[in-house]
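For reference, positions follow the sequence shown, starting with 1. Keep in mind it's a predicted model, so treat the numbers as computed, not measured.
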Amino acid sequence: VQLPGSGGGLVQAGGSLRLSCAASGRFDHLGDMGWYRQTPGKQRDLVATISRYGATNYAGSVKGRFIISRDDAKNTVYLQMNSLKSEDTAVYYCNYQGVRVYWGQGTLVTVSS
């Protein structure tokens, strides 16, 4: 299963970015999709997840600023990131959790203050 994330880049604080991740390959299509992020020397942390029923879960630090959505017809998960802060700077990883867990290769988001 491939999970190529895209949409990362450099943005000023207060700005917005939209990440996308289109899953391809053979998988069960029943699991949760989500985004995690990691900075150097730290563990990979949850940003947001969404179930196939549309139930969402957000990290407290992004709640009210980020919105996760999915399009199952396209096997794609999105992360709309608004009001970005410098502390949102990280590599963002797409994730699929079904019978097995899959990770994307990561896309870098840099927020300048």
Side-chain angles (χ1 to χ4, degrees):
V1 176
Q2 304 297 317
L3 294 167
S6 62
L10 174 64
V11 64
Q12 287 189 332
S16 298
L17 282 175
R18 188 191 195 207
L19 305 183
S20 300
C21 175
S24 62
R26 298 185 65 179
F27 58 103
D28 55 77
H29 297 268
L30 301 177
D32 294 354
M33 300 187 79
W35 293 92
Y36 290 70
R37 66 187 181 187
Q38 188 172 24
T39 55
K42 295 189 177 181
Q43 67 180 18
R44 192 172 296 183
D45 291 327
L46 167 76
V47 177
T49 61
I50 183 167
S51 76
R52 67 185 180 118
Y53 302 109
T56 58
N57 181 43
Y58 294 94
S61 60
V62 308
K63 199 171 292 185
R65 299 188 297 123
F66 291 10
I67 301 171
I68 190 169
S69 61
R70 64 191 281 173
D71 183 341
D72 286 334
K74 299 179 180 179
N75 293 327
T76 299
V77 62
Y78 305 96
L79 185 69
Q80 178 66 43
M81 305 186 294
N82 302 318
S83 303
L84 282 161
K85 306 175 181 180
S86 57
E87 51 263 43
D88 295 318
T89 295
V91 177
Y92 284 71
Y93 294 89
C94 179
N95 169 272
Y96 178 82
Q97 296 191 36
V99 174
R100 297 181 61 182
V101 178
Y102 300 97
W103 291 96
Q105 84 283 4
T107 183
L108 177 63
V109 172
T110 303
V111 183
S112 62
S113 57

Here the disulfide (SG to SG under 2.5 Å) pairs for residues 10-104, sequence neighbours left out, are Cys21-Cys94
In terms of hydrophobic clustering (I, L, V, M, F, W, Y; side-chain heavy atoms under 4.5 Å; direct or indirect links), are [X] and [Y] co-clustered?
| X | Y | answer |
| --- | --- | --- |
| Val109 | Leu46 | no |
| Val11 | Tyr92 | yes |
| Ile67 | Met81 | yes |
| Val47 | Val91 | no |
| Val62 | Val77 | yes |

(request) Mark yes or no for whether Tyr58, through its side chain, and Ile68, through its backbone, hold a donor-acceptor pair below 3.5 Å. (result) yes
> Does Thr56 reach the main-chain N or O of Ile50 with its side chain, forming a donor-acceptor pair under 3.5 Å?
Replying inline: no
Non-hydrogen atoms of [X] and [Y] that approach each other most closely:
| X | Y | answer |
| --- | --- | --- |
| Gln97 | Tyr36 | NE2-OH, 3.1 Å |
| Ala90 | Thr39 | CB-CG2, 3.7 Å |
| Ser113 | Ala13 | CA-CB, 4.2 Å |

Going by heavy atoms in the side chains, are [X] and [Y] under 4.5 Å from each other?
| X | Y | value |
| --- | --- | --- |
| Asn95 | Val101 | yes |
| Gln105 | Gln2 | no |
| Asn57 | Asp32 | no |
| Lys85 | Val111 | no |
| Tyr96 | Val1 | no |

Rounded at 0.5 Å granularity, tell me how far [atom1] in [X] sits from [atom2] in [Y].
| X | Y | atom1 | atom2 | value |
| --- | --- | --- | --- | --- |
| Thr107 | Tyr93 | OG1 | OH | 10.0 Å |
| Leu17 | Gln80 | CG | CD | 8.5 Å |
| Ser6 | Tyr78 | OG | OH | 9.0 Å |
| Leu79 | Met33 | CG | CE | 12.0 Å |
| Arg70 | Thr49 | CZ | OG1 | 10.0 Å |
| Ser24 | Lys74 | OG | NZ | 15.0 Å |

ask   = Does the pair Leu84 and Phe66 meet the rule for a side-chain contact (heavy atoms from CB on, under 4.5 Å), with working shown?
value = CA-CA 9 Å; Leu84 282 161; Phe66 291 10; 3.8 Å; yes
Residues Asn82, Ser16; criterion side chain to side chain donor-acceptor pair (under 3.5 Å); working and verdict:
CA-CA 4 Å; Asn82 302 318; Ser16 298; 3.0 Å; yes
Those residues at least two apart in sequence (or on a different chain) that pass salt bridge (charged side-chain N to carboxylate O under 4.0 Å, His left out) with Asp88 are Arg37, Arg65
